[in-house]
Each structure stands twice: as structure tokens, then as C-alpha cells.
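Here is the naming used below: chain letters follow the sequence lines, and residue numbers restart at 1 for every chain. Remember, it's a predicted structure, so these values are computed and weren't measured experimentally. Atoms considered below: every heavy atom in the structure, side chains included; atoms not considered: hydrogens, waters and symmetry mates.
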Amino acid sequence: DAGVTQSPTHLIKTRGQHVTLRCSPISGHKSVSWYQQVLGQGPQFIFQYYEKEERGRGNFPDRFSARQFPNYSSELNVNALLLGDSALYLCASSLDPWRAFFGQGTRLTVV
Amino acid sequence: AQSVTQLDSQVPVFEEAPVELRCNYSSSVSVYLFWYVQYPNQGLQLLLKYLSGSTLVKGINGFEAEFNKSQTSFHLRKPSVHISDTAEYFCAVKSRGSTLGRLYFGRGTQLTVWP
């Protein structure tokens with residue numbers, strides 16, 4: 001079975017631009033979470049979606065938004081990019097609350 | 001809210017030596033506890049988890065961890081490490097009472113195994 005897939009794997013954006021990151025969960029998983037991992041730190045929770053509804057949001061500005069589609073895939077959008085948004089963005093899918101499967105991540109560099 | 005403290009940012013060790021990576025947590029509610037491993041340029045892989053029952057938990061790749069409720073600790077151990085264990089290790093917690101899958105991570109411990 002395919003694991004959690006994220007695209008793109010890497011991208012470079014300029015300050016002020018907008019970016020969309022995509023995530024496809026493991027088949028059958030209805031919950032998708034997004035995390036931001038800045039270099040040298042642990043992942044920080046951004047959003048969780050379950051059955052296409054937002055179930056939780058971390059301490060991130062409104063420039064960050066997300067959605068989940070009927071097939072349970074998800075997009076993370078970030079507007080007005082700042083240098084500090086440079087990070088590895090991780091998507092995790094889960095079937096139950098105590099087991100999250102992570103994708104390889106999208107490495108975003110803002111210049 | 002919960003928080004996790006990983007006491008060592010870097011742990012160097014020689015191959016075949018034992019290792020312990022320390023993790024302490026703070027929470028006002030009961031939690032589940034996890035250890036994840038991250039190899040370079042990859043996502044996170046679950047090593048082991050504590051949900052309930054025996055406080056000694058065995059995971060993949062020969063790792064184990066012990067939950068100590070009185071000391072609010074969940075230290076990770078391996079009796080004999082290999083070069084391939086070189087990676088970043090993250091301790092994480094999740095509230096038991098919440099259906100939300102939010103994980104709170106520590107800052108990570110870089111384990112480097114030398115030949």
C-alpha cells in the first residue's frame with residue numbers, strides 16, 4: 001500500500017508569494033494533519049482535518065489555511081510568504097488517534 | 001496544553017555501545033507517549049508508543065522505552081547501537097482525552113553513532 005505522499009518535495013519561493021502544498025493520505029485514512037518543522041526544532045502542529053472539517057488549529061497566523069477534499073487529500077496554503085516560513089512541512093494521516101503516519105515532507109525555501 | 005523536553009540536543013556514541021535518549025513531559029491531563037525517528041531528508045517514522053499497561057515498551061530496530069509517571073519521563077534506550085541508528089529522534093505526547101490527533105513534539109535529539 002502507498003504511504004502518505006506529499007508534493008512537491010522541494011520548492012523555492014520569493015517573499016510575498018503564495019504557495020500550495022499537497023498531501024494524499026493512506027487509503028482509508030480520513031484524518032490529515034499538517035506540521036511545520038523549522039531547522040533544528042521539532043514539528044509544530046498547524047492544522048488537523050477530519051471528514052473535510054477543520055478539527056484543530058495551532059498557533060499560526062491567518063496567512064496559513066488548509067482544506068480537505070472529498071477523497072480526503074488535503075492542501076496547505078500559505079500567503080504572503082516570509083523568510084521565516086522556510087521549513088519542512090509534514091503531512092500525517094491517521095485512522096485512529098494514537099497512530100499517525102507521516103509523509104516525506106515538502107521542503108519550502110523562501111528567498 | 002502539553003510540553004516535551006528532550007534533555008540532550010546531541011548524543012554521540014560509539015558503535016555497539018548502549019544509548020539512552022532522555023525525554024520529560026509536562027501535562028495537566030493523561031497522555032499517550034511516542035518516540036519518532038527521522039532520517040536525513042525524510043519524514044517521521046514511529047519507533048514505539050505507550051498507550052497503557054506495561055510501562056516498558058518495545059519498538060522497532062531494538063529500541064525500548066520506559067514510562068515513569070512519577071518522574072513524567074519516557075526515556076528511549078538501546079543496548080547496542082549500529083551506524084544505521086544515526087538519525088534525529090523526537091519524543092512526542094498526545095492528550096488521551098482528545099479525539100484530536102495533535103502531537104506535541106520535543107526539539108529532538110541527534111544521535112550520531114561512530115565506528
Side-chain angles (χ1 to χ4, degrees), chain A residues 2-10 21 23-26 29-51 53-60 68 72 74 87-107 109, chain B residues 1-10 21-25 29-53 57 59-60 67 74 76 87-110:
Chain A
V4 178
T5 57
Q6 293 186 241
S7 63
T9 55
H10 297 80
L21 311 180
C23 172
S24 293
I26 292 172
H29 288 194
K30 299 180 179 180
S31 173
V32 169
S33 298
W34 288 94
Y35 290 81
Q36 180 196 62
Q37 185 180 11
V38 174
L39 195 64
Q41 296 186 20
Q44 297 290 316
F45 174 78
I46 310 175
F47 286 110
Q48 185 191 27
Y49 276 77
Y50 180 78
E51 289 279 18
E53 291 189 4
E54 182 182 306
R55 290 298 186 92
R57 183 186 182 112
N59 188 24
F60 281 81
Q68 187 177 32
Y72 304 113
S74 178
L88 180 67
Y89 288 85
L90 294 165
C91 173
S93 77
S94 57
L95 193 58
D96 49 54
W98 48 83
R99 180 77 191 255
F101 294 82
F102 284 83
Q104 302 257 46
T106 294
R107 174 73 63 186
T109 302
Chain B
Q2 295 87 49
S3 66
V4 176
T5 302
Q6 291 185 241
L7 297 162
D8 306 294
S9 59
Q10 298 191 38
L21 306 184
R22 297 180 294 168
C23 172
N24 286 89
Y25 69 93
V29 298
S30 295
V31 296
Y32 299 124
L33 295 147
F34 306 84
W35 276 98
Y36 284 86
V37 61
Q38 185 175 38
Y39 298 102
N41 301 314
Q42 294 192 24
L44 301 174
Q45 179 183 3
L46 181 66
L47 272 180
L48 49 79
K49 62 184 182 291
Y50 173 76
L51 303 182
S52 64
V57 179
I60 63 172
F67 169 54
F74 191 53
L76 181 71
E88 188 89 23
Y89 291 79
F90 292 95
C91 181
V93 301
K94 178 196 169 302
S95 168
R96 283 179 177 269
S98 171
T99 56
L100 187 64
R102 175 174 184 166
L103 290 162
Y104 293 83
F105 287 89
R107 294 174 67 92
T109 297
Q110 174 64 45

message: We want to know whether Gln68(A) and Ser74(A) form a side-chain donor-acceptor pair, criterion being a heavy-atom distance below 3.5 angstrom.
response: no
task: Name the region of Tyr35(A), side chain, backbone, both or neither, that has any atom closer than 4.5 Å to a heavy atom of chain B.
output: side chain
- request: Starting at CD of Gln2(B), measure out to OH of Tyr25(B) and round the result to the nearest 0.5 Å.
  value: 10.5 Å
query: Glu88(B) versus chain A, heavy atoms under 4.5 Å apart: side chain, backbone, both or neither?
result: neither
message: Under 4.5 Å from any heavy atom of chain B, what part of Gln37(A) do you find: side chain, backbone, both or neither?
response: side chain
- request: Tell me yes or no: between the side chains of Gln44(A) and Tyr104(B), is some donor less than 3.5 Å from an acceptor?
  value: no
query: Measuring heavy-atom distances to chain A, does Leu44(B) have an atom under 4.5 Å in its side chain, in its backbone, in both, or in neither?
result: both
query: Relative to each other, are the rings of Tyr49(A) and Phe47(A) parallel, tilted or perpendicular (30° and 60° limits)?
result: tilted
